[in-house]
Amino acid sequence: MASEVILLMGPPGAGKGTQAARLAEARNLKQLSTGDILRENVAGGTELGTRAKSFMDAGELVPDDLIIDMVRSELAGLDEVRVLFDGYPRNPAQAGQLDGLLAELDADLTAAVALEVDQDEIVRRLVQRAGEQGRSDDNEDTVRHRLQVYAEQTEPLLDYYAEAGTLRRVDGTGSVADVEARIRRELP
Ligand code: AP5
Ligand code: MG
């Protein structure tokens with residue numbers, strides 16, 4: 001099977017994790033959700049978790065060196081590079097590191113899918129999830145800060161992928177199935 005690398009991008013609450021699980025299964029990709037892996041490390045009390053927790057609780061990005069180490073160790077030993085990244089990369093430094101990593105692995109980026117959802121809908125979704133799951137960064141102040149960090153640090157990457165010709169903008173509103181169908185239409 002040929003290599004395939006898809007990025008799922010978008011603001012907090014855009015549906016990256018929801019769609020990542022569905023796409024990874026449908027396309028036989030390894031789902032690599034940096035936020036989920038960090039939360040597992042926090043829950044397990046690992047050294048990575050201990051170092052990441054305060055950044056996550058504040059809605060700040062975890063330092064790039066911790067993230068690239070984590071991504072490298074997740075990719076180590078894969079027979080083929082078939083990966084769906086959810087929530088990575090999140091700033092230009094991480095995007096540059098990813099380019100280097102893919103070059104080392106002789107793999108190309110298939111697509112960078114950006115889910116678009118307006119701010120009111122995001123707040124509505126995350127307030128609801130806060131009641132259901134109790135994620136420590138799903139309170140109103142932290143959600144607002146995560147949105148600001150997204151706008152300042154992550155959103156500029158969309159231009160980067162647009163210039164590379166890999167950006168696919170997708171409307172992230174409507175049912176989960178509708179969003180999934182829209183994403184699939186954008187992928188080769
Ligand atoms: P991360 O875990 O990536 O969180 P996030 O970007 O804030 O996004 P969420 O996980 O909250 O939302 P999502 O887009 O996955 O949406 P979901 O499918 O859950 O990052 C958390 C923190 O970890 C960061 O702040 C940072 O500290 C750190 N971090 C992670 N990666 C990093 C990196 N690369 N570098 C540095 N730091 C990093 O959906 C949201 C809700 O909406 C759910 O309840 C869902 O059921 C619902 N929903 C989904 N789709 C729909 C729909 N179509 N209609 C209605 N509701 C829907
Ligand atoms: Mg997520």
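Because only heavy atoms are used, hydrogens play no part in the values below, and waters and symmetry mates are left out as well, while side chains stay in. Every number for a ligand or one of its atoms is a count from 1 in the order of the listing. Quick caveat: nothing in here was measured; it's all calculated off a predicted structure. Residues: numbered from 1 along the sequence shown.
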Measuring only between side-chain heavy atoms, which start at C-beta, is [X] closer than 4.5 Å to [Y]?
{"X": "T173", "Y": "E116", "value": "no"}
{"X": "L115", "Y": "I183", "value": "yes"}
{"X": "Q94", "Y": "L98", "value": "no"}
{"X": "I67", "Y": "L38", "value": "yes"}
{"X": "Q19", "Y": "E180", "value": "yes"}
{"X": "K53", "Y": "M56", "value": "no"}
{"X": "L126", "Y": "I122", "value": "yes"}
{"X": "L23", "Y": "L187", "value": "yes"}

Nitrogen or oxygen atoms of [X] and ligand 1 under 3.5 Å apart:
{"X": "D138", "result": "no"}
{"X": "G13", "result": "yes"}
{"X": "P89", "result": "no"}
{"X": "V62", "result": "yes"}
{"X": "P12", "result": "no"}
{"X": "R39", "result": "yes"}
{"X": "A14", "result": "yes"}
{"X": "E121", "result": "no"}
{"X": "G87", "result": "yes"}

T154 side, atom OG1; R146 side, atom CZ - distance, nearest 0.5 Å: 11.5 Å

Value rounded to 0.5 Å, distance of CD in E80 from CG in N28: 7.0 Å

Is it the side chain (CB and beyond), the backbone, both or neither of [X] that lies under 4.0 Å from ligand 1, heavy atoms counted?
{"X": "Q94", "result": "side chain"}
{"X": "P11", "result": "backbone"}
{"X": "I67", "result": "side chain"}

Atoms of ligand 1 close to [X] [distance to a heavy atom under 4.0 angstrom, numbered from 1]:
{"X": "G17", "value": "13 (P), 15 (O), 18 (O)"}
{"X": "G174", "value": "52 (C), 53 (N), 54 (N)"}
{"X": "V176", "value": "50 (N), 51 (C), 52 (C), 53 (N)"}
{"X": "L38", "value": "23 (O), 28 (C), 29 (N), 30 (C), 38 (C)"}

Nearest non-hydrogen partners of L84 and A20, listed with the distance: CD2-O, 3.1 Å

Heavy-atom closest pair, residues D57 and T142: O-CG2, 3.5 Å

What protein heavy atom sits nearest [atom], and how far off is it?
{"atom": "atom 23 (O) of ligand 1", "result": "M56 CE, 3.6 Å"}
{"atom": "atom 56 (N) of ligand 1", "result": "R125 NE, 3.5 Å"}
{"atom": "atom 16 (O) of ligand 1", "result": "G15 N, 3.0 Å"}
{"atom": "atom 32 (C) of ligand 1", "result": "R90 CD, 3.4 Å"}
{"atom": "atom 18 (O) of ligand 1", "result": "T18 OG1, 2.5 Å"}

Name of the residue among I6, V5, L8 meeting side chain to side chain contact (heavy atoms under 4.5 Å, CB included) with F85: V5

With respect to [atom], which of [options] exhibits the smallest heavy-atom separation?
{"atom": "atom 27 (O) of ligand 1", "options": "Q133, E60, M9", "value": "E60"}
{"atom": "atom 31 (N) of ligand 1", "options": "D64, T34, V179", "value": "T34"}
{"atom": "atom 21 (C) of ligand 1", "options": "R135, H145, R146, K53", "value": "R135"}
{"atom": "atom 19 (O) of ligand 1", "options": "R129, M70, K16", "value": "R129"}

D141 and R144: CA distance, side-chain angles, deciding distance, salt bridge (Lys or Arg N to Asp or Glu O under 4.0 Å) verdict: CA-CA 5 Å; D141 283 352; R144 282 193 198 293; 5.6 Å; no

Expected output: side-chain R135 to main-chain R129 donor-acceptor under 3.5 Å: no

